[in-house]
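Working notes, beginning with the structure itself.
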Protein chains: 2
Amino acid sequence: MGLPDGAAEARAQGWRTLAALHARIEDELERALQKQHGLSVSEYSVLDVLARQDDYHLRMNQLSNAVVLSQSATTRLVNRLEDRKLLQRYLCPTDRRGIYTEVTEAGRELLDQAQPTHDAVLTSALEHAAELPELSPLVTALGKLPLTV
Amino acid sequence: MGLPDGAAEARAQGWRTLAALHARIEDELERALQKQHGLSVSEYSVLDVLARQDDYHLRMNQLSNAVVLSQSATTRLVNRLEDRKLLQRYLCPTDRRGIYTEVTEAGRELLDQAQPTHDAVLTSALEHAAELPELSPLVTALGKLPLTV
DNA sequence: ACTTCATGCTTGCATGCGCAATCATAGCGC
DNA sequence: GCGCTATGATTGCGCATGCAAGCATGAAGT
């Protein structure tokens, strides 16, 4: 692929490291959020993403992209959250195919409660991972990522 | 948490970036491996991990850890691969509770076929991700990870 | 040897996921 | 307005996963 040969193995190893770190963190997040707030990581992500939008709403499509899930999974995810009143759907006025999703007040409250848990688990998971020699370089690299302005 | 306050949001953002990159890569890998070799990412990982062991075998438990899956998922994953003759189980002679798994010749052949696909997809996925401004820093960071000796 | 507890793997069950098919609305050519 | 295709979301279905319970083997105490 234009790049020297040994690079393939290097990329593969980088990917394994990334995947391992991701899996560990997600595992811990999943358990903690589920246990303490009844939220899966995907559900938390949806609320988080929506709350971070300036106008608090997104279309299903954009949501799928943001959480990297299939359309169908997104539909059902939104269903679950809507059933729990954490979320509202409403038709896009200008294009009646589109559907907007918006966090409700209850949703924001739950998110506010869950955020500290999320951050704490994340911190501890990262600290924990930093102790594993094969993961620690990636952890420190993560810490040095530039923040979007 | 011992660390200054704003760090929490920085960590959260790092995590979001990591998760997004991971999801995209895994998505592409999944599709390509499934289509071209009938393997899921987990299945590929198992074969890959086993083949990378010096003596080509691991216990179920170690395998669960290596691929970060639950015990039950590992059992069924190994079942599937065993049914396809890509893998063999055999009892641990010294502790009859333990079960070793070992790649078969067919398994190694399939892995050899799949590896180029895996590497190619990985490369293109990384190149693709490097074009997204929010992911590119992590991609370059990945490339700079030290290799284990 | 017998009980008790720990360890390793497997099974029952419920759930979330992706794919493909489907339905509804929009946009375009005529 | 009428077809035709494109786009957005939802539903049917099969499958992989996690949790918790279960079963088998090992280890330790008596």
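Please read these numbers as outputs of a predicted model, since none were measured by experiment.
Of the charged side-chain nitrogens involved, none lies within less than 4.0 Å of a carboxylate oxygen, so that Asp112(B) and Arg108(B) do not count as a salt-bridged pair.
The two residues Leu111(A) and Leu47(A) have their closest heavy-atom pair at CD2-O, 3.7 Å. Summarising the geometry of Met60(A) relative to Thr75(A), their closest heavy-atom pair is CE-CA, 3.6 Å, with the distance given to 0.1 Å.
The aromatic rings of His57(B) and Tyr90(B) sit perpendicular to each other, their planes meeting at more than 60°, with 30° as the lower class boundary. Between Tyr44(A) and His118(A), the ring planes are parallel. Angles under 30° get that label, and only those over 60° would be called perpendicular.
At a threshold of 4.0 angstrom between heavy atoms, the contacts of Thr74(A) with the nucleic acid are absent. At the heavy-atom level, Arg80(B) lies under 4.0 Å from the strands shown only through sugar-phosphate atoms. Contacts of Ser42(B) with the nucleic acid, taken as non-hydrogen atoms under 4.0 Å apart, involve only primed sugar atoms and P, OP1 or OP2. Nucleic acid contact class of Leu69(A) (heavy atoms, under 4.0 Å, all strands): sugar-phosphate only.
Sorted by first and then second residue, the salt bridge (Lys or Arg N to Asp or Glu O under 4.0 Å) pairs with a member in residues 36-49 of chain A read Glu43(A)-Arg80(A), Glu43(A)-Arg84(A), Asp48(A)-Arg52(A), Asp48(A)-Arg16(B); sequence neighbours excluded.
In terms of polar N and O atoms assigned as donor or acceptor, the side chain of Arg31(B) never comes within less than 3.5 Å of the base of dG18(C) in a complementary pairing. Side-chain atoms of Arg96(A) stay outside donor-acceptor range of the base of dG27(C), with no qualifying N/O pair under 3.5 Å.
Helix bend of the helix from dA1(C)-dT30(D) to dC30(C)-dG1(D): the angle between its two end axes, each built from five pairs, comes to 20° after rounding to 10°.
For Ser72(B), the side-chain atoms get nearest to dG18(D) when compared with the rest of dG18(C), dG8(D), dG18(D).
For the pair Thr94(A) and Arg76(A), both in contact range of DNA chain C, the more 5′-proximal nearest nucleotide belongs to Arg76(A).
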